[in-house]
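Here is how names work: the chains are called A, B, and so on, in the same order as the sequence lines, proteins then strands, and each is numbered from 1. Hydrogens, waters and symmetry mates play no part in the numbers below; they use all other heavy atoms, side chains included.
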Protein chains: 2
Amino acid sequence: MATMTSAVRRPRGEYRKSQARRKEIVEAAVEVFATVGYNKGSLREIADRVGLTQAGLLHHFSNKELLAQAVLTWRDEDALALLGVPLPTGADLLRRLVDLAAYNERNPALMELHVVLSGEAASVEHPLHGYLVNRYAQVFGLVRAAFEQADRRGELRAGVDVDSAARTVISLMDGLQLQWLLNRGGVDMALDVARYLQSLLAVPL
Amino acid sequence: MATMTSAVRRPRGEYRKSQARRKEIVEAAVEVFATVGYNKGSLREIADRVGLTQAGLLHHFSNKELLAQAVLTWRDEDALALLGVPLPTGADLLRRLVDLAAYNERNPALMELHVVLSGEAASVEHPLHGYLVNRYAQVFGLVRAAFEQADRRGELRAGVDVDSAARTVISLMDGLQLQWLLNRGGVDMALDVARYLQSLLAVPL
DNA sequence: GTCTATATACTGATAGAC
DNA sequence: GTCTATCAGTATATAGAC
């Protein structure tokens with residue numbers, strides 16, 4: 001979201017066309033990286049899916065890492081938009097996490113993308129490691145703030161450690177996605193997340 | 001553990017030597033796969049670390065997938081041994097999960113191996129996918145059984161869903177390892193696992 | 001903006017000598 | 001058991017024509 005359309009004036013419709021191309025490429029890259037990961041996902045395969053040669057693709061994203069970063073920011077913006085605009089606070093945001101889990105469950109390709117890339121990039125040497133470190137710090141900040149607001153509003157049970165709660169609910173959402181992928185249909189992610197959150201909240205979810 | 005020494009009689013010490021070689025190779029493979037994953041981890045790199053050529057390595061493990069499976073079973077046996085022999089039951093086993101989390105935290109390389117390979121192999125097309133599916137089914141069975149035993153012994157709070165609890169604690173342990181790798185030292189895994197388990201138990205941890 | 005052609009590098013696996 | 005040599009495949013990235 002929040003595209004920065006025409007920050008620079010361009011002749012004719014070329015820019016718009018190029019933008020559309022980039023979007024096509026990112027969508028194809030999502031599929032490929034989700035299926036085989038970053039390391040094994042090839043630019044040729046992605047280029048094929050949008051009817052380009054590999055060299056043609058590199059005109060739009062000058063190297064593989066830049067393309068992968070575009071994929072990750074696209075996915076992050078998608079998830080963030082799902083949490084609601086403007087972003088809810090306190091227990092309201094925590095409730096949205098349940099919706100997000102349900103949304104993920106309806107989009108296995110997105111889960112696969114998330115799980116596969118997060119796993120690969122957990123290694124310090126991975127090209128996307130830095131991006132992921134940053135991303136998790138932001139996610140943690142967001143969830144922790146929600147618990148803190150909930151606490152101040154009396155929506156939280158007594159004795160809940162907000163740091164631990166934030167880490168736990170994030171771990172839960174990540175780990176459930178892995179288990180879902182290994183046991184499709186055998187896991188109800190939204191239900192498990194809701195159950196855990198309810199165990200911390202003093203108000204109904 | 002539980003080596004099957006001399007199920008077949010062999011001439012001289014060749015078998016023993018070969019066994020030692022295999023162990024060296026697996027140890028080197030743990031490092032390499034942990035650092036860059038299965039897809040990017042190369043047999044040449046592993047061979048170099050034990051002073052072999054790539055062809056020499058393939059004498060001991062006839063292809064890459066077999067070597068990776070040896071790595072995974074080695075790691076699983078290690079973790080299982082840490083839970084205790086014979087395997088505890090009920091709340092006792094759940095307590096051991098906290099020890100396992102603490103053990104993992106002292107061995108980042110093992111965490112990296114687990115997180116990176118699990119992520120990669122979440123994809124259906126990955127050579128290790130089948131192994132991982134099987135492994136998670138076993139782990140789930142083990143933890144679920146522990147909750148069920150705890151329930152029968154009155155060690156569990158009322159209203160705890162054993163399936164959901166098993167999925168949740170497994171997700172928690174997996175997700176915390178990812179967060180630990182992205183924020184080294186900023187996560188106390190054993191504490192968070194203990195906190196969650198205590199919230200389900202009617203007895204002290 | 002897209003192409004062909006190419007440089008350069010690395011991969012897993014096999015054949016066969018020692 | 002380990003080696004050398006080699007094959008066939010794949011990869012990213014660049015140069016330059018159109």
Side-chain angles (χ1 to χ4, degrees), chain A residues 8 10-29 31-33 35-71 116-117 120-121 123 125-128, chain B residues 8 10-29 31-33 35-71 116-117 120-121 123 125-128:
Chain A
V8 178
R10 296 271 183 150
R12 285 182 298 281
E14 287 162 11
Y15 180 65
R16 193 174 301 272
K17 247 168 139 182
S18 206
Q19 277 283 82
R21 249 312 191 210
R22 284 172 62 96
K23 198 183 155 201
E24 281 182 83
I25 293 168
V26 166
E27 280 165 7
E31 294 174 24
V32 171
F33 288 145
T35 309
V36 295
Y38 174 85
N39 284 328
K40 211 190 167 209
S42 84
L43 296 178
R44 254 186 187 85
E45 170 69 21
I46 296 165
D48 281 353
R49 298 196 181 208
V50 293
L52 272 179
T53 61
Q54 181 240 9
L57 187 156
L58 284 173
H59 171 77
H60 299 278
F61 295 93
S62 52
N63 62 50
K64 190 182 181 180
E65 190 179 338
L66 280 174
L67 172 55
Q69 279 172 6
V71 166
V116 173
L117 290 192
E120 271 188 316
S123 158
E125 326 216 337
H126 197 281
L128 303 176
Chain B
V8 178
R10 296 269 184 152
R12 285 181 297 283
E14 287 163 10
Y15 181 65
R16 194 175 300 273
K17 248 169 138 183
S18 207
Q19 277 282 81
R21 249 315 191 208
R22 286 172 61 96
K23 198 183 155 200
E24 284 183 81
I25 293 168
V26 167
E27 279 165 8
E31 294 174 23
V32 171
F33 288 147
T35 309
V36 295
Y38 174 84
N39 284 328
K40 212 189 166 208
S42 85
L43 296 177
R44 264 187 180 85
E45 169 70 20
I46 296 165
D48 281 352
R49 297 195 181 208
V50 293
L52 274 179
T53 61
Q54 180 241 11
L57 186 157
L58 283 173
H59 171 78
H60 299 278
F61 295 93
S62 52
N63 63 50
K64 189 182 182 181
E65 190 178 338
L66 280 174
L67 172 55
Q69 279 172 7
V71 166
V116 173
L117 289 193
E120 269 188 316
S123 158
E125 326 216 336
H126 196 281
L128 303 176

Query - Any B/H59 side-chain N or O less than 4.0 Å from OP1/OP2 of D/dG1 - result: yes

Query raised in the report: OP1, OP2 of C/dG1 versus side-chain N and O of A/S18: anything below 4.0 Å?
Result: yes

From [atom1] of [X] over to [atom2] of [N], roughly how many Å is that when rounded to an integer?
X	N	atom1	atom2	result
B/H60	D/dG1	NE2	P	6 Å
A/I46	D/dT10	CD1	P	16 Å
A/D48	C/dT2	CG	P	14 Å
A/L57	C/dT4	CG	P	14 Å
A/R22	C/dT2	CZ	C1'	16 Å

Query raised in the report: Are the side chain of B/E120 and the backbone N or O of B/G37 linked by a donor-acceptor pair below 3.5 Å?
Result: no

Query - Any A/Y38 side-chain heavy atom under 4.5 Å of A/L117 side chain - result: yes

Requested in this report: Indicate yes or no: at least one non-hydrogen side-chain atom of B/H126 is less than 4.5 angstrom from one of B/N39.
Outcome: yes

Query raised in the report: Going through the distances and angles, do B/R49 and B/I46 end up as a side-chain contact (heavy atoms from CB on, under 4.5 Å)?
Result: CA-CA 5 Å; B/R49 297 195 181 208; B/I46 296 165; 5.9 Å; no

Could you run down the sub-3.5 Å N/O contacts of the protein with nucleotides 7-14 of chain C?
unit_1: C/dT11; atom_1: OP1; unit_2: B/S42; atom_2: OG; d: 3.1
unit_1: C/dG12; atom_1: OP1; unit_2: B/G41; atom_2: O; d: 3.4
unit_1: C/dG12; atom_1: OP1; unit_2: B/K64; atom_2: NZ; d: 3.1
unit_1: C/dG12; atom_1: OP2; unit_2: B/L43; atom_2: N; d: 3.1
unit_1: C/dG12; atom_1: N7; unit_2: B/Q54; atom_2: NE2; d: 3.3
unit_1: C/dA13; atom_1: OP2; unit_2: B/K64; atom_2: N; d: 3.1
unit_1: C/dA13; atom_1: N7; unit_2: B/Q54; atom_2: OE1; d: 3.2
unit_1: C/dA13; atom_1: N7; unit_2: B/Q54; atom_2: NE2; d: 2.8
unit_1: C/dA13; atom_1: N6; unit_2: B/Q54; atom_2: OE1; d: 3.0

**Report entry** Partner of A/L43 by side chain to side chain contact (heavy atoms under 4.5 Å, CB included), out of A/L58, A/N63, A/T53
**Finding:** A/L58

Report task. Check the pair A/L52 / A/E24 against side-chain contact (heavy atoms from CB on, under 4.5 Å), numbers first and verdict last. Result -> CA-CA 11 Å; A/L52 272 179; A/E24 281 182 83; over 6 Å; no

